[in-house]
Each structure stands twice: as structure tokens, then as C-alpha cells.
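Proteins get letters first, then strands, A, B, ... in listed order; numbering begins at 1 in each. Remember, it's a predicted structure, so these values are computed and weren't measured experimentally.
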There are 2 protein chains.
Amino acid sequence: MISERKKKILAAVVDAYIRTAEPVGSKAIAESAGLGCSSATIRNELAELVSLGYLEQPHTSAGRVPTPLGYRLYVNELMQRQKLSLEESEDINRRLNAKLQELDDTIGDVSRLASQLTDYPALALTAQSAATIRRFDIIYVDANTFILVVMLSNNSVKNKLVHLPISVDQSMIQRLSSLFNASFTGIAEEQITPLLIRSTERAADDTMGLTSVIAAFAIETLSEANTPSAFISGENRLLSQPEFRDPDKAHRLMSYLSGGGHILPAADSFGGTDEVRVLIGPENVAEELKDSSVVIASYDAGDNMRGLIGVVGPTRMDYSAVAAKLSFLAAGLSRRLGGGEAPPEGMHNKLIIKGDISDGSR
Amino acid sequence: MISERKKKILAAVVDAYIRTAEPVGSKAIAESAGLGCSSATIRNELAELVSLGYLEQPHTSAGRVPTPLGYRLYVNELMQRQKLSLEESEDINRRLNAKLQELDDTIGDVSRLASQLTDYPALALTAQSAATIRRFDIIYVDANTFILVVMLSNNSVKNKLVHLPISVDQSMIQRLSSLFNASFTGIAEEQITPLLIRSTERAADDTMGLTSVIAAFAIETLSEANTPSAFISGENRLLSQPEFRDPDKAHRLMSYLSGGGHILPAADSFGGTDEVRVLIGPENVAEELKDSSVVIASYDAGDNMRGLIGVVGPTRMDYSAVAAKLSFLAAGLSRRLGGGEAPPEGMHNKLIIKGDISDGSR
DNA sequence: ATTAGCACTCGGAAGACAAGAGTGCCAACA
DNA sequence: TGTTGGCACTCTTGTCTTCCGAGTGCTAAT
């Protein structure tokens, strides 16, 4: 439906534009791309690519610039899938190992890492999940102090130090600990009802309201662990992109990002596989992202949860490099966090790039 | 040494410049500041203020702009100390309460809050400290899994889930738990020597290297808790300041900030009191901050530790408002975290503003 | 000591101009 | 029919002038 040569030319335009951020002219293409024809021919082709909607010119007599549709075609078919060099992948693995010895809510570290690798702002999000309490312990410190320790089904452990104005004796603590371990484990947040709390309170013979304090912690921990959260870093890297030389534009996007990744809408529709998704310009739902692009990868965070790492940049983004890095990073995370059978260390997971080529384009 | 009227004029210049970010001319001052004299008189005074080094003009025939020295005088003597309105202080208290119900490493929240309040980028740092382990518990989950729980002398609690390829029986765990509680508490990081570990291992009759895993966690926790750490947020707010319209300039400062607050040098010399310190332009040691200003407040973080909250902005910064807010915030934190006798809730602590009027000025 | 008046200085905005890059189109050619 | 060289045309970008006005410094008068 679109000639092979046109594709080659389109690819050349996108490649060059990604590098230089300047509209690219016919002559440059004639020289760079090794198709043996002259700039005049290229011009004809370019004109057609414009009328097909893949390219546009900022003004008459300027070079061509890809439209979102053009990027889409590029991403889906044209760009050559990068695989990381050995050094790069080793570097990533090393950093992952260093950072994730113990993973708790290192979601921040993950986003930082992604941002450093790609040199774009990055965000990491945890998906909504349905973790339950797996174990509940109360450690007696002294008569006024104890520590609540909750282990969740997703293998994260939370704790809280409680300091009371009144004294509690150790046997009470022990009683509460085993009661909670018995009746608060394996259930979801909604199942912690006032009724359950009341009955536990009675069973423990607790007249000081201790039970509700502890129950509140349980609820809070569950809700916190299950609420999706986002972490953004490297916003400043936007500023090195020429399309954000306008401080207002940069500011708008950056404050949108800092305000938490409301990219969550995109996250919902995410499939289960280790795919990489690319959203180009107007394909984004969020108004603020309409002329930026987002690349998102998903990883297995264990316990049936999936996390996301995403990168935000101008539509003129180095999709191929970013996709490769993100994909590798996600695979590394899956391997470390995921429950199941992950591919072995060195392996690149295949790069499935999916994107809605919705009619929202252009 | 410097006439009263000059001071008034200087104050007027700084006030106006803080508001408008434009050089301010004699006429504007004559009208605004209620000193009954004409623009010509003001001009004479302005000329002298320039030769004294408090003001400068970007070029002949432009208004005047304060020099760092001018700001310094303004901050030390001239500016009127703001105290927050009732709504503002209530708002801050409410937010503090919401965020700090449980304070762990909410240092991030603190900086976020400071940034929101002041509308400048903010950073929070923990000082170097000498926390020790106060309590050590190991919770047995199953034969391959247990949870380490460490409570530090600064009342923070850390935990780690350990998953082993080999089986361990419960009595061993119990033995280790009490051994660690006995010999690893109350000591500093350096005191955890290979010797100590070896002897504990022997005492526990541990042939599987469990002891060293646990000891490693102890060391790591201590070192992490005692290493100063920084958290920055709201970098993007820089972009709304006209002096950072130049993206390169903005980028330089922002990436400096993101790279961790190397403002630590300034932190070292910080006194113990709840003072607020202002560093203007070249008074900063860091090259990148030479034409920005920093306002820092210190708070009592309990256990003989002090934390810092700082705000970064252009030299043309609303010192008075920022100082007031930061001071209030610091006081609120001290009250919640500090060990000792803190002033009661509603009270504004007195605003000590100190600053080196070092010879680095000019 | 203050003020009014005036000439002077600069920076910034607006316009004029040249250079250059890139296009579109046409006519010639394989 | 597809390709190519050539050429006129367009539009941006940078540079240079010009012009305006805000704001100054100075002087002479009060």
C-alpha cells in the first residue's frame, strides 16, 4: 500500500530528525540514505508522503518533519530494533543488582535508573493490586512501646513503632499478636470490618482501644500497598531537548509530571506480557502529553502484580534505543521480583511493540 | 553609617524588585515609598547606594537592581519579619499532621511540603548522626524465610525479609535473635567487627553463615541511617522564575540540585538552634549556586540529630515569606520529632536570621 | 539640602535587507 | 512512465539600522 522506497525515505527522515531536531531536506536524504536517486526524485516522494499524512512541513520551503502518524509507522515497521550492546546490558544488570539487593519500595530507584539510562524523564508506577496480610507480629519493646510488623502476600514487610501514653503488659501484646495472626491474615482490606475489630477486641479482653490502633495500621498498610503509586525522576532532562527550549512549555509538562503520573489511564489497558508500548503525541489521553511521546514497559512484580516503567520525551524521541533499554530493564526487574519462570539473565526478551494506531491520530 | 533614608530607599528597591523582577527606577520609588521627596533626590541617593555597593545598574540608564550585599543588608535589617497568617499556619500544621502521622523517612514529604508552601524548589536533608541499634528481632516465618527487624536509637524501625535456599529450624532463629539482641545493641557501626561476628556465630552454633547475613543487615541499616541523605522536590518551580527563562541556566541548576544536595557543606557549620540561615548568591560555596540564594532552616529530629530544610531560588527571592514559612515548618517538625521540650503548637518561634556577611560578597 | 529641567545614553522593538536553504515545477531524457 | 537537472520562488534567519522611551546625571534655581 505504500511503496518500499517511500518507507525507506520516511525512515531516513525520522532517523535524521531524531538526531538533529531540524526539518530534513531532500538533499540530505539523497546523500545519506543509500538509495541511488537524486534529490529531485526524493522531493516528489516527499510531497506524496506529506499528502499521505506521514510528514509535514513547518512552512513552505522548509524541510519535512514527521507527523505522529509518521512516527507510528516508523515505530511499528520501520525502525530497526536495537539490541543493547554487551557492555550496556551488563551495566544495567550491575546497577540493578546494586540497587535491588533488597527491594521494598525502590520504585524510586527504578525510575531514577530508567531516567539515567535513557536520558529522558522517567516514571515508575505500581499497579493496583490485591495483596493480603500474610503474617502479623507485634514486638514488645517496653511497657509503652511496641512494634507492629506486617508481612504482605507480595513479600513486602512494613512496620510501625507505636508509643503509648499508657502501659500495656507483655501478655496482652502476645495475645493480640496471635489473635491478629489468626483472624487478620489472608483477607482483603474491605474484609476488615468494624465487626471483626470489635470481636477481636473482645477476644483479647482489650479495654484500652489497642485493637483498633493495630487494626488501623493493618488497614492503612493494605491500602497503601494496594494503591497504585507513581514516582518520577529526571524531569530536568527535558530541558536538554530543543523542543522544550520554551520554558513555559517545559514547565507545563514538568509540573504535570511532578503531580504524579496521571498516565495511569494508559496503564489500565496494559496487557500481561512483557511488551513495550509506545504512545505517540495525540495518542496520549492526557492533554498535557498531546505533543510528547511515552514509552512504557511492564514488568512482573510478583504476587500477580505488574509494575510499569515509562519514559517521557518529545515525539522526536529515540524510540528504538529507549524501547530496547526499557525492555531490558523490565525483564531484569521481572527476573528479580517476579514469582515464576523468568528467562535467564543474559537473554533479551523479544521486543513486542504495540501501540494503538487509533483514529486519534493527527 | 548609612542614613535612615537610604535604608528606606534600599528596602523599597528590593521590595519592588522582588515583586516585579525588573530594574526599578527613581520615579517608581518616589511614588511608592512614602518619603516625601522627589525623584531627583532619590536619584542622588540611588547613585550613592550604587557607589556603596548595595545596588547596581544593568547598564547606564536603567533602573537599579540589588547586589548580593544589598540583599544581605535587606535580610539582616530591613525586611519586615513576616509572621504567618492564622490560616497559613493552620494549613501547615494540618498538612504536617496528615503527612507525619508516622514519620519514618518522610524526608521526601517534608521537602515536597516545603516546596509547595514556598513555591520554590526545596530540599530536605538529614544530618549525619550516630544512631545505634536499640533492639534486634528475628521473626520466623517458615523454614526458609524470616524477617529481620531492627529498631534504632532514633526510633526508626527497619526490616528486611530474608529468603534462604536452605532450611533453618526455629530454635536456631530464636537463639540468634537473643544473641544479637544481647551483643549488637547500643554499639556503633565500627564496633561490629569481624571478630564480634565470628564469636556470635560460634555462640549460636551457626554453621551456615546465617550470622554474617544478619550482621550485614545490621551494618547496612546503621550505615544507611547514619549517612546524611538528601531529597529534592519541586525543581520545576524554578522555571516559573523569570531569571531562569534561559533553559540552559535552569538546566544547570536543576541537574545540580537533582544530583543530591551538595549544599551539605553549608549544613556542616549549622548551629544547634532553630535558626534560619540565608545564603545569598556568591555567599554560597557551590559554584552552581553563585547566583542563586538558599534559605535553610534546621529542626530537631530527635536523638540529638538535626535535619535541614532548604529552599533554593533566584537571589531575587521573597526572603521574608520564605524565612517565615520555613521557620514555622521547622518548628513544627521539631515539635513532632524532637525529644525535648518544644514550644507549644500555636507559637511562632522567634525568627533568628543569621548569615555570614563574609568577604565573599561583592 | 532639595528640586525642576534638560540633554544624554542605552536597550529593546520594529523594520529593511541579504543570504541560504529548500521547495515546486517544468522540460528533457532513459 | 519514472527520473533528473535546472531554475524561479518562498520563507526563515541573521544582521544592521533606525527609532522610541525610560531613566539617568548634571546644572542651576530655590
Which part of the nucleic acid does Ala40(A) contact within heavy-atom distance under 4.0 Å: base, sugar-phosphate only, or nothing? base

Considering only heavy atoms and no angle criterion, is a donor-acceptor pair shorter than 3.5 Å present between the side chain of Thr60(A) and the base of dT10(D)? no

For Ala114(B), is there any backbone N or O sitting under 3.5 Å from a side-chain donor or acceptor partner on Thr118(B)? yes

Is Gln57(B) close enough to dG11(C) that one of its side-chain N or O atoms is under 4.0 Å from OP1 or OP2 there? no

Starting at CD of Glu48(A) and ending at P of dG24(C), how long is that distance when rounded to a whole Å? 12 Å

Can you confirm whether Glu88(B) sits close enough to Lys325(B) that some side-chain heavy atom of one is under 4.5 Å from a side-chain heavy atom of the other? yes

At less than 3.5 Å, do the side-chain atoms of Ser61(A) and the base atoms of dT23(C) form a donor-acceptor pair? no

Can you see if the side chain of Arg43(A) gets near the phosphate of dC26(C) - specifically, an N or O under 4.0 Å from OP1 or OP2? no

Base, sugar-phosphate alone, or nothing: which one does Ser26(A) contact when heavy atoms must sit under 4.0 Å apart? sugar-phosphate

Can you tell me if the side-chain N/O atoms of Thr41(B) get under 4.0 Å from OP1 or OP2 in dT3(C)? yes

Counting side-chain heavy atoms from C-beta on, which of dG25(D), dG11(C), dT2(C) comes nearest to Ala47(B)? dG25(D)

Does Ser89(A) use its side chain to pair, donor to acceptor, with the backbone of Ser85(A) at less than 3.5 Å? yes

Looking only at side-chain N and O atoms, does Arg64(A) come under 4.0 Å of OP1 or OP2 in dA21(C)? no

His251(A) NE2 to Leu239(B) CG distance, which is reported to the nearest 0.5 Å: 5.5 Å

In whole angstroms, how far is the P atom of dC11(D) from the CD atom of Glu56(A)? 17 Å

Send over the distance from Lys27(A) NZ to dA21(C) C1', rounded to a whole Å. 9 Å

